[in-house]
Amino acid sequence: MAVELQKRSAYAVAQKRFDEAADVLGLSEDERRLLRDVKRELTVHFPVRHEDGSVHLYTGFRVHHNINRGPAKGGLRYSPDLTLDLVKALAMLMTWKCAVVRIPFGGAKGGVVVDPRALTRGELEHVTRRYATEIALLLGPERDIPAPDLGTTPEVMAWIMDTMSMHAGHSVTASVTGKPVDVGGSEGRQEAAGRGVTYLTLEALKYLQVTEQPATVAVQGFGQVGRSAARLLHEAGLMVVAVSDSRGGVYNPTGLDLDALEEHRRFRGQISGFKKADDISNAELLELPVTVLVPAAIEDQITEQNAPRIRARLITEAANAAVTPEADAILADRDVFLIPDILANSGGVIVSYFEWVQDLQEFFWEEEEINTKLHHLITRAFYEVLHTSVNRRLDMRRAAYVLAVQRVANATNVRGIYP
Ligand code: NAD
């Protein structure tokens with residue numbers, strides 16, 4: 001089934017979700033045509049010489065879905081499984097994400113078909129600088145501002161910013177976000193997506209009047225988002241009982257010692273084999289009896305196959321498209337509360353927005369100010385989505401889409417059609 005789902009077009013799924021929102025809003029055929037396709041899609045093929053002297057040809061993408069609310073914004077993914085279809089789907093998701101939290105960006109996504117772990121650091125830098133040069137015709141602080149995503153890091157962002165700056169002849173720090181603080185990055189950006197996941201989870205537990213003490217959490221994916229979410233949820237008083245990476249996970253129903261686990265991961269390069277917990281598979285992690293499930297890895301993890309067996313009360317969908325449309329329906333029937341991806345992981349793009357604003361102003365804020373502003377924007381969005389969900393009798397995902405699509409449709413209508 002997982003294989004079948006992979007073959008299904010991610011873009012078709014994204015369009016289906018859009019169509020549902022367009023139906024609720026009663027958008028006209030013209031409005032639908034303008035919003036359900038991407039604005040531009042660039043595919044580049046470029047050579048990179050590896051350290052052994054061999055030349056390899058790489059493929060990269062950069063897609064803009066809609067830029068009527070502001071410059072294009074979205075992450076860069078380095079993955080051997082990357083396709084144009086997936087990039088288009090993720091670019092569309094970015095448009096709705098920026099709209100649902102009311103930040104003035106349009107949606108974009110990009111990346112390179114590559115396994116970054118198979119390259120040396122020097123090769124990765126060459127792939128990155130050449131890819132940035134190939135897509136540079138789209139980039140710029142007023143036009144398109146990339147950020148990290150799966151398989152990319154603050155260092156990769158620094159190389160892109162430096163490449164853009166070399167071309168311009170001066171530093172253009174606002175050309176990417178998610179950079180190290182030393183080169184114009186923002187305090188709090190590294191853990192922003194995980195912090196947003198935490199704020200939203202706490203708000204939802206309050207709304208759901210969950211009284212379990214402590215509420216338990218399982219996190220799938222122990223990368224940039226999953227790690228900070230696990231740590232911050234633990235700091236907020238929840239008990240993290242399971243985490244995983246691509247090789248498998250660990251489970252301890254009495255709570256994981258996250259510091260010891262980090263130590264083990266540093267030493268072993270993986271989560272599995274941690275002595276103070278039992279090894280489990282990723283599939284088992286998703287079905288654990290926990291209060292909160294945070295899928296923070298990749299797409300299509302909760303499907304019609306395993307949705308009937310999910311035992312969490314709340315799912316905070318940190319990874320984009322982790323839950324399929326079929327699973328959405330099953331979870332809604334079973335009264336599992338879902339914070340949908342476009343809201344759940346929006347902390348990343350919110351603090352990216354703050355980083356861009358700080359770079360443009362060349363005036364930097366303290367982390368406390370950033371976290372306070374993040375909390376304000378994301379909590380406001382949570383209650384706007386929740387009210388829409390309750391008032392219009394829609395599940396949380398449909399409610400988030402309805403709000404977002406309405407805002408983008410309004411911007412598109414008010415701008416009119418050039419010429
Ligand atoms: P990352 O590369 O830092 O970490 C990904 C984690 O998932 C790793 O632990 C990896 O081992 C694990 N993983 C990969 N394939 C897996 C599989 N098949 N099963 C289980 N685990 C697997 O990536 P990230 O930046 O943390 O991104 C994770 C998700 O969050 C993605 O969907 C991304 O689009 C989304 N997201 C990230 C950000 C951000 O700021 N980094 C912002 C918004 C959304």
Side-chain angles (χ1 to χ4, degrees), residues 2-3 5-6 10 73-82 86-87 89-91 93-94 96-98 100-101 107-111 114-117 146-157 176-179 185-186 188-197 200 218-231 242-250 261-262 265 269-272 280-286 293-302 306 316-323 339-355 374 378:
V3 175
L5 280 167
Q6 297 251 320
K73 188 86 191 81
L76 297 180
R77 186 172 286 203
Y78 284 2
S79 155
D81 303 324
L82 196 68
L86 179 59
V87 176
L90 294 171
L93 247 58
M94 283 306 298
W96 312 139
K97 192 178 300 181
C98 295
V100 84
V101 293
K109 203 80 182 188
V114 62
D115 179 357
R117 290 171 305 184
D149 191 70
L150 263 167
T152 53
T153 58
E155 186 175 41
V156 167
M157 294 304 124
V176 299
T177 59
K179 312 176 285 293
S186 177
R189 173 61 186 88
Q190 268 278 69
E191 54 187 23
R195 190 173 290 279
V197 164
L200 292 165
V219 181
Q220 184 201 33
F222 206 57
Q224 183 158 325
V225 182
R227 275 169 79 199
S228 31
R231 191 177 54 75
V243 299
S244 68
D245 62 18
S246 57
R247 294 178 189 159
V250 292
L261 183 63
E262 284 281 4
R265 181 173 167 270
Q270 62 179 40
I271 302 267
S272 305
I280 53 167
S281 68
N282 266 291
E284 287 169 329
L285 178 140
L286 297 173
L293 176 60
V294 182
I298 54 167
E299 313 75 51
D300 294 335
Q301 293 304 294
I302 302 174
N306 59 3
T316 309
E317 191 187 17
N320 289 311
V323 183
I339 304 175
D341 51 8
I342 60 171
L343 176 61
N345 64 39
S346 62
V349 77
I350 291 174
V351 177
S352 271
Y353 167 53
F354 298 159
E355 180 174 336
L374 167 63
I378 211 162

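In listed order, ligands and their atoms are each counted from 1. Sequence positions, counted from 1, serve as the residue numbers for this chain.
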- Task: May I ask you to say whether Glu191 pairs ionically with Arg231, meaning some side-chain N is under 4.0 Å from a carboxylate O?
- Result: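 Yes, this pair counts.
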- Message: Between Asp149 and Lys109 (salt bridge meaning N to carboxylate O under 4.0 Å), is one present in this structure?
- Response: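 Looking at Lys109 together with Asp149, the answer is yes, because their closest N to O distance falls below 4.0 Å.
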- Query: Between Met157 and Thr177, which heavy-atom pair has the shortest distance, and what is it?
  - Reply: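 Heavy atoms only, the tightest pair is CG-O, 3.5 Å.
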- Where do Arg247 and Gly269 come nearest, in terms of heavy atoms and distance? NH1-O, 3.5 Å
- Would you tell me whether Arg189 and Ser352 have side-chain atoms, one donor and one acceptor, within less than 3.5 Å of each other? yes
- Query: Going by heavy atoms in the side chains, are Ile378 and Ser346 under 4.5 Å from each other?
  - Reply: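 Yes - at least one pair of side-chain heavy atoms lies under 4.5 Å apart.
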- For ligand 1, the residues whose heavy atoms come within less than 4.0 Å (ordered by chain, then number):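 For ligand 1, the contacting residues are Arg77, Asp149, Leu150, Gly151, Arg189, Ala193, Gln220, Gly221, Phe222, Gly223, Gln224, Val225, Asp245, Ser246, Asn282, Ala296, Ala297, Ile298, Ala318, Ala319, Asn320, Asn345.
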